[in-house]
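A short write-up of the structure that comes next.
Chain A is the first sequence line, chain B the second, and so forth, proteins listed ahead of strands; every chain is numbered from 1.
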Protein chains: 2
Amino acid sequence: MLLHLNPASGVPIYLQIENQVKHYVAAGALGPGDALPSVRKVAADMRINPNTVARAYQNLERDGILRSVPGGGTYVAENPGGLLKSEKIRRLRPYARQIAVEGTQLRLEPQEIVNLVEQELESLEVADERVGNSHR
Amino acid sequence: MLLHLNPASGVPIYLQIENQVKHYVAAGALGPGDALPSVRKVAADMRINPNTVARAYQNLERDGILRSVPGGGTYVAENPGGLLKSEKIRRLRPYARQIAVEGTQLRLEPQEIVNLVEQELESLEVADERVGNSHR
DNA sequence: GCAAGTGTATTAGTGTATTAGTACAGCATG
DNA sequence: CATGCTGTACTAATACACTAATACACTTGC
């Protein structure tokens, strides 16, 4: 699992890790049960403090993406999806509103905004299939 | 223009102001040339410091949404849209990627994610028409 | 020109975010 | 059981974000 970290980018390192792991999991490059490199391994490779990696892993565990066992390692969580659809939508709506407002502000046509979202979704799905997952 | 500010929400006050003004403008409740309440007026109403309002107005001016004239007041900017479409899309793509990854993580179907974005876009368009704008 | 309004610049204070250092506790393999 | 790995808890240093106080400069209308 390759991580690209840029301490000077303005976005916190632990957030960069979170985002990239989320992306890998969403794209299927990391599947349920797969092991992640240890906090010390990542820390050594990236020359950062293990606690910074740990914080990212902990946040991802809070979000149900990962599962950490003390002494054992950190793994991608099994697919729960265990949330009411109404709750899922409630959580996603702020993102939808943001892209709608920002896109409208840029004077982009609604269709162009929707197309952009569809593009990104497809780029995830394509990567998912390429890794051998048949329409989860 | 009604503002709902909650200092304890975790979201900085100046960002709450920015988001709400952006929403009003995107929905057409505020049109080009319309005057905004002065930083002191908002500050007095909301019992916050004028500088906090000013910061929101300045950020919105940087984004091309507003136009402030020292001593004169703050107004909604004239429609520029003066950006290459490729640049607009480049700016919007991170939002698209985020909602794609987050939505996929929640195990929502791509169609459901797209629907959510379309909903928010429609809610803006509907408000726009209701205010008397014919398909800008 | 004066008064009352406007946005702006500067400074300071408070809190929190971010990262790292260090020590601790549990699992696993020899 | 001992060694070396794992994640974790606690603490601290530092920087930055956020808000406010205050003074300044400009525009408008009388």
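Between the OH atom of B:Tyr14 and the C1' atom of D:dC18 there is a distance of 7 Å, given to the nearest Å. Regarding B:Leu36, its CG atom lies at a distance of 12 Å from the P atom of C:dT6, rounded to whole Å. Atom-to-atom, OH of B:Tyr57 to C1' of C:dA9 comes out at 19 Å; the value is rounded to the nearest Å. In this entry the distance linking CZ of A:Arg67 with P of C:dC27 reads 14 Å, nearest Å. Atoms CD1 (A:Ile48) and C1' (C:dG21) sit 14 Å apart, rounded to a whole Å. Rounding to whole angstrom units, CD of residue A:Gln58 and C1' of D:dG7 are separated by 8 Å. Rounded to whole Å, the distance from NZ on B:Lys41 to C1' on C:dG5 is 14 Å. Note: CG (A:Asn51) to C1' (D:dT6) measures 14 Å, nearest angstrom.
Although no hydrogens or angles enter the test, the distance criterion places no donor-acceptor pair under 3.5 Å between the side chain of B:Glu120 and the main chain of A:Ala96. Not a single donor-acceptor pair under 3.5 Å links the side chain of B:Glu87 to the backbone N or O of B:Leu84.
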*Under the side chain to side chain contact (heavy atoms under 4.5 Å, CB included) criterion, do B:Lys88 and A:Glu112 qualify, and how do the steps go?*
CA-CA 11 Å; B:Lys88 296 179 181 178; A:Glu112 297 176 301; over 6 Å; no

task = Go through A:Asn115 and A:Gln119 one step at a time and tell me if the side chain to side chain donor-acceptor pair (under 3.5 Å) criterion holds.
result = CA-CA 6 Å; A:Asn115 284 345; A:Gln119 266 183 34; over 6 Å; no

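Two residues, A:Pro70 and B:Ser68, neighbour DNA chain C, and the one matched to the more 5' nucleotide by heavy-atom proximity is B:Ser68.
Judged by distance alone with a 3.5 Å cut-off, a donor-acceptor contact links the side chain of B:Arg40 to the base of C:dG7.
When the nucleotides C:dA20, D:dG7, D:dA21 are ranked by their closest atom to the side chain of A:Asn49, C:dA20 comes out on top.
Within the structure, a side-chain polar atom (N or O) of B:Arg55 is placed less than 4.0 Å from OP1 or OP2 of D:dC18. For the OP1/OP2 pair of D:dT6 and a distance below 4.0 Å, the side-chain nitrogens and oxygens of A:Ser38 include at least one atom meeting the criterion. Between A:Thr52 and the phosphate of C:dT19, there is no side-chain N or O to OP1/OP2 separation shorter than 4.0 Å.
Minimum interatomic distance between B:Gln105 and A:Val25 (heavy atoms only, all atoms of both residues): OE1-CG1, 3.4 Å.
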